[in-house]
Amino acid sequence: MACVLTLHVHAVNSQTVHSKLANFRPVEVWRPAHETNFGKRYAKDIYGRPVSNAPIVVLHETVISAASTIRVFQTPHYNEDEQASYHALITRNGTIVHLVSAKNRAFGAGNSVFRGPNGPEAVKTHRIYPASVNNFAYHISLETPADGNHNGNYHSGYSQAQYQSLAWLVARSRIPHSRVTTHKGVDRSGSRKDPRSFNQRSFNSLLQRFSQLDESKLTSLRPPMIGELDFPPLPQ
């Protein structure tokens, strides 16, 4: 009897979790970066060769507060060495702050390469700066906890609300899990560590659940090409 009761409770809890995820919708706001801090995506590299890389997701962390990060990206930077941005930022309470349209190229990972099943992928779009993944990347950053404002290897980690909003956003993009990576994973300089203290297991579990919620619809759609990557209009 006890065994049957345990299984029954587990099933109810599983259904409850599934229902909560099915009805989940994070708060989303639009805080556009200044036009100096992002650019267009290119159909050709600087050598005139067509590029058609499928999109990747690159995960980051802010190191500073979300508010400070937004101020940096909304500040004009006419010196190219100072230009930087993410497409989206997820605050500690799970709010998704959209900064750059997915159709544009955010400056999130210079001197970078994605190593996947198709071999190394990077696109050179600037005559001075090295090739990077920016032309086909969708950059998402997690707000760092207060104890992570340093260059160390670890901090206390991210909130459950952040993991849930992150998994929801990545699932919504339809970018395959095999093309989700980190700043550390694509960096060629050896200096990037983010996102530090990232719970890969928790993220993977949530991403799988969100991806399966509308599986019949998802399987009928091919993964998007980078020029097609976009999201619905957001509240101002």
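Computed over heavy atoms, backbone and side chain alike; hydrogens, waters and symmetry mates excluded. The structure displayed is predicted, hence computed values, not measured ones.
- With hydrogens and angles disregarded, a donor-acceptor distance shorter than 3.5 Å links the side chain of Gln74 to the backbone of Pro32.
- Two different hydrophobic clusters hold Leu99 and Val63 under the rule that ILVMFWY side chains link at heavy-atom gaps under 4.5 Å.
- Cluster annotation: Ile70 is connected to Val72 through the hydrophobic network of ILVMFWY side chains, with a link wherever side-chain heavy atoms come within less than 4.5 Å.
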Practice prompt. Just do the side chain to side chain donor-acceptor pair (under 3.5 Å) check on Asn104 and Lys40 with the steps written out, would you?
Written response: CA-CA 5 Å; Asn104 288 324; Lys40 64 180 181 179; over 6 Å; no
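- Judged by distance alone, the side chain of Thr181 and the main-chain N or O of Gly185 form no donor-acceptor pair under 3.5 Å.
- Criterion: ILVMFWY side-chain heavy atoms under 4.5 Å apart, direct or through other members. Under it, Val57 and Val113 are not part of a common hydrophobic cluster.
- Side-chain atoms of Lys184 and His60, non-hydrogen and from C-beta on, never get closer than 4.5 Å to each other.
- The closest side-chain donor-acceptor pair between Ser68 and Ser65 falls under 3.5 angstrom.
- A donor-acceptor pair under 3.5 Å is absent between the side-chain atoms of Ser197 and the main chain of Gly157, judged by distance alone.
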Item to complete: Could you check Glu61 against Arg192 for salt bridge (Lys or Arg N to Asp or Glu O under 4.0 Å), going step by step and ending with a plain yes or no?
Response: CA-CA 10 Å; Glu61 69 171 295; Arg192 303 299 181 180; over 6 Å; no
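- Between Tyr47 atom OH and Arg127 atom CZ the span is 12.0 Å, to the nearest 0.5 Å.
- Of all non-hydrogen atoms in Ala171 and Leu207, the two that sit nearest each other are N-CD1, 3.7 Å.
- Annotation: Lys124, atom NZ; neighbour count of heavy atoms from other residues, nucleotides and ligands within 6.0 Å is above 12.
- Within the 3.5 Å criterion, the main-chain N or O of Pro50 finds no donor-acceptor partner in the side chain of Tyr42.
- Scanning both residues, Val58 and His183, for their nearest heavy atoms gives CG1-N, 3.6 Å.
- Two residues are said to be in side-chain contact when any heavy atoms from C-beta on lie closer than 4.5 Å; His98 and His87 fail this criterion.
- The closest side-chain heavy-atom distance from Phe203 to Val170 is below 4.5 Å.
- In this structure, the side chains of His177 and Asn204 come closer than 4.5 Å at one or more pairs of heavy atoms.
- Note that OG of Ser85 and CZ of Arg105 are 9.0 Å apart. Values are rounded to the nearest 0.5 Å.
- For CG of Asp81, the number of neighbouring non-hydrogen atoms (other residues, nucleotides, ligands) closer than 6.0 Å is greater than 12.
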Practice prompt. Test side chain to side chain contact (heavy atoms under 4.5 Å, CB included) on Glu143 and Ile90 and set out the steps.
Written response: CA-CA 6 Å; Glu143 181 182 13; Ile90 301 177; over 6 Å; no
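- Minimum heavy-atom separation, Gly94 to Ser165: O-OG, 2.6 Å.
- The residue from Leu206, Ile96, Leu142 that alone fulfils the side chain to side chain contact (heavy atoms under 4.5 Å, CB included) condition with Leu166 is Leu142.
- Nearest heavy atoms, Ala106 versus Asn134: O-CG, 3.4 Å.
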Discussion item. The test is side chain to side chain contact (heavy atoms under 4.5 Å, CB included); show your working for Phe210 and Leu21 and say whether it passes.
Written reply: CA-CA 7 Å; Phe210 276 119; Leu21 291 181; 3.5 Å; yes
Discussion item. Working note: Leu169 + Tyr138, criterion side chain to side chain contact (heavy atoms under 4.5 Å, CB included); need CA distance, chi angles, decisive distance, verdict.
Written reply: CA-CA 11 Å; Leu169 183 58; Tyr138 183 71; 4.1 Å; yes
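- Residue Leu213 holds its CG atom at 9.5 Å from CG of Asn23, rounded to the nearest 0.5 Å.
- Using a 4.5 Å cut-off on side-chain heavy atoms (C-beta onward), Val51 and Lys44 make no contact.
- Considering CZ of Arg209 and NZ of Lys20, their distance stands at 11.5 Å, rounded to 0.5 Å.
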Practice prompt. List the steps, then state whether side chain to side chain donor-acceptor pair (under 3.5 Å) holds for Ser156 with Asp147.
Written response: CA-CA 7 Å; Ser156 59; Asp147 65 349; 3.0 Å; yes
Fill in: side chain to side chain contact (heavy atoms under 4.5 Å, CB included) assessment of Thr125 paired with Asp45
CA-CA 5 Å; Thr125 58; Asp45 64 16; 5.7 Å; no
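- No continuous path of hydrophobic side-chain contacts links Phe107 to Tyr86 [ILVMFWY only; heavy atoms under 4.5 Å].
- Proximity of a side-chain donor or acceptor of Tyr158 to a complementary backbone N or O of Pro145 within less than 3.5 Å is not detected.
- The 12-atom threshold is not exceeded at OH of Tyr154, counting heavy atoms of other residues, nucleotides or ligands nearer than 6.0 Å.
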Worksheet entry | Audit row: Arg92, Gln162, side chain to side chain donor-acceptor pair (under 3.5 Å) steps and yes/no | CA-CA 6 Å; Arg92 295 288 293 169; Gln162 285 179 294; 3.0 Å; yes
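- Here OG of Ser191 is found 10.0 Å from CG of Asn151. Values are rounded to the nearest 0.5 Å.
- Looking at His126 and Glu80, their side chains do bring a donor and an acceptor atom within 3.5 Å of each other.
- Among all heavy-atom pairs drawn from Asn37 and Ala84, the shortest one is CB-O, 3.4 Å.
- Closest approach of Ala109 to Val186, counting heavy atoms only: CB-CG2, 4.3 Å.
- With a 4.5 Å cut-off on side-chain heavy atoms, Thr144 and Asn149 do not count as touching.
- A distance of 8.0 Å separates CZ in Phe136 from CZ in Phe114, rounded to the nearest 0.5 Å.
- Within the 4.5 Å cutoff, the side chain of Phe73 has no heavy atoms near those of the His34 side chain.
- Contact annotation: the side chain of Leu59 approaches that of Phe198 to within less than 4.5 Å [non-hydrogen atoms, C-beta and beyond].
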